[in-house]
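First comes the structure, then the notes that go with it.
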Amino acid sequence: MPTASSVCSILLDRDGTIIYDRHYLASPEGVRLLPGAAQGLRALSRAGFRLFVVTNQSGVGRGYFSRQDFSRVQAALEDRLREHGIVIDGHAVCFHAPDQGCDCRKPGTGLWTRLAAEHGLQPGTSLMIGDKESDILFARNAGLLGSILIASPQGPGPEQKQPCREESGWGGHPSCIAFDLASAAAWILGRPEAPGDEGKTP
């Protein structure tokens, strides 16, 4: 299992992992952090991890919104995170539709190649967190240290929350399954429970 001492960089899916999945989000007004997102990302940032967003945005390739729309949404997300003391170190995005045959759409590894070259990332010290199978396969295909699947991305109620469940890892499986970014951060940091609840967002 990955440990805090073996991880330097955290790669994060965006929609359904950090913010609510609005299905082709084109407006900054639709940016809303998921429960536990600010809490977990702040804990990781304070522990010294570098944070990167890795996202498929096929709405551009499908003609639903523009690259400028994406940039406005991304800027709104990063502004919202900065309000909680969280800085995103970089992001990589695939704008292609699934039928365009690119190598950057997850689970392809083009986005990893781009980020690794721009930021000096190493697969053996990088971990992926996402809410879809494509995120887990992306991590495996890129040879990353491990991955975490967010199983209840739209925010479980308190009665549904449980500690992270460790998995076998690879073979298409995540290293663990978490209910939100707060519990994912607790697992990475080796804590029995999620970090303190300061900074939770509705």
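Every heavy atom of this structure was used, including side-chain atoms; hydrogens, water molecules and symmetry mates were not.
Rounded to the nearest 0.5 angstrom, I10 CD1 and L41 CG are separated by 9.5 Å. Atom CG of L81 and atom CD1 of I18 lie 6.5 Å apart (nearest 0.5 Å). Here CG of L149 is found 5.5 Å from CD1 of I177. Values are rounded to the nearest 0.5 Å. In this structure, CE in M128 is found 12.5 Å from OG in S175, a value given to the nearest 0.5 Å.
Here the closest heavy-atom approach between residue S126 and residue L121 is recorded as OG-CB, 4.3 Å. For S45 against L51, the heavy-atom pair with the smallest separation is CB-CD1, 4.3 Å. Closest approach of R80 and R32 over heavy atoms only: NH1-CA, 4.3 Å. Residues I148 and A178 come closest through the heavy atom pair CG2-CB, 3.9 Å. In plain terms, the two heavy atoms of S58 and P98 that are nearest each other are CB-CD, 4.1 Å. Between L111 and C94, the shortest heavy-atom distance links the atoms CD2-N, 3.8 Å.
Side-chain contact between H84 and L33 is present, with at least one heavy-atom pair separated by less than 4.5 Å. With contacts defined as side-chain heavy-atom distances shorter than 4.5 Å, the pair R14/I19 qualifies. Using a 4.5 Å cut-off on side-chain heavy atoms (C-beta onward), E133 and L137 make contact. Taking the side chain as every heavy atom from C-beta outward, C104 and H96 approach each other to under 4.5 Å. Using a 4.5 Å cut-off on side-chain heavy atoms (C-beta onward), I150 and I129 make contact. Contact of the T125 side chain with the L145 side chain is not registered, since no non-hydrogen atoms from C-beta on lie closer than 4.5 Å. Side chains of L144 and L127 form no contact here, defined as non-hydrogen atoms less than 4.5 Å apart. When side chains are defined from C-beta on, L11 counts as touching W112, because their heavy atoms get closer than 4.5 Å.
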> Would L44 and I86 count as a side chain to side chain contact (heavy atoms under 4.5 Å, CB included) if you check the C-alpha gap in whole Å, the side-chain angles of each, and the deciding distance to 0.1 Å?
Replying inline: CA-CA 9 Å; L44 293 172; I86 303 159; over 6 Å; no
>> Does F52 form a ring-ring contact (aromatic ring centres under 6.0 Å, His included) with H91? I'd like the steps, not just the answer.
In response: CA-CA 5 Å; F52 300 90; H91 68 268; over 10 Å; no
> After noting the C-alpha distance and the side-chain angles of D180 and L34, does the key distance pass the side chain to side chain contact (heavy atoms under 4.5 Å, CB included) rule?
Replying inline: CA-CA 8 Å; D180 57 21; L34 281 162; over 6 Å; no
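The stretch residues 100-126 participates, sequence neighbours left out, in these salt bridge (charged side-chain N to carboxylate O under 4.0 Å, His left out) pairs: D13-K106, K106-D135.
In this structure, the salt bridge (charged side-chain N to carboxylate O under 4.0 Å, His left out) partners of D69, at least two apart in sequence or on a different chain, are R72.
Here the side chain of T113 pairs a donor or acceptor atom with the backbone of T109 at under 3.5 angstrom.
The residues D21 and K132 are annotated as salt-bridged, a charged nitrogen and a carboxylate oxygen being separated by less than 4.0 angstrom.
Cluster partners of Y64, by chain and number: Y24, V60, F65, F70, V93, F95. The rule joins Ile, Leu, Val, Met, Phe, Trp and Tyr whenever side-chain heavy atoms lie under 4.5 Å apart.
Counting only N and O atoms by type, the side chains of Q57 and D15 include a donor and acceptor under 3.5 Å apart.
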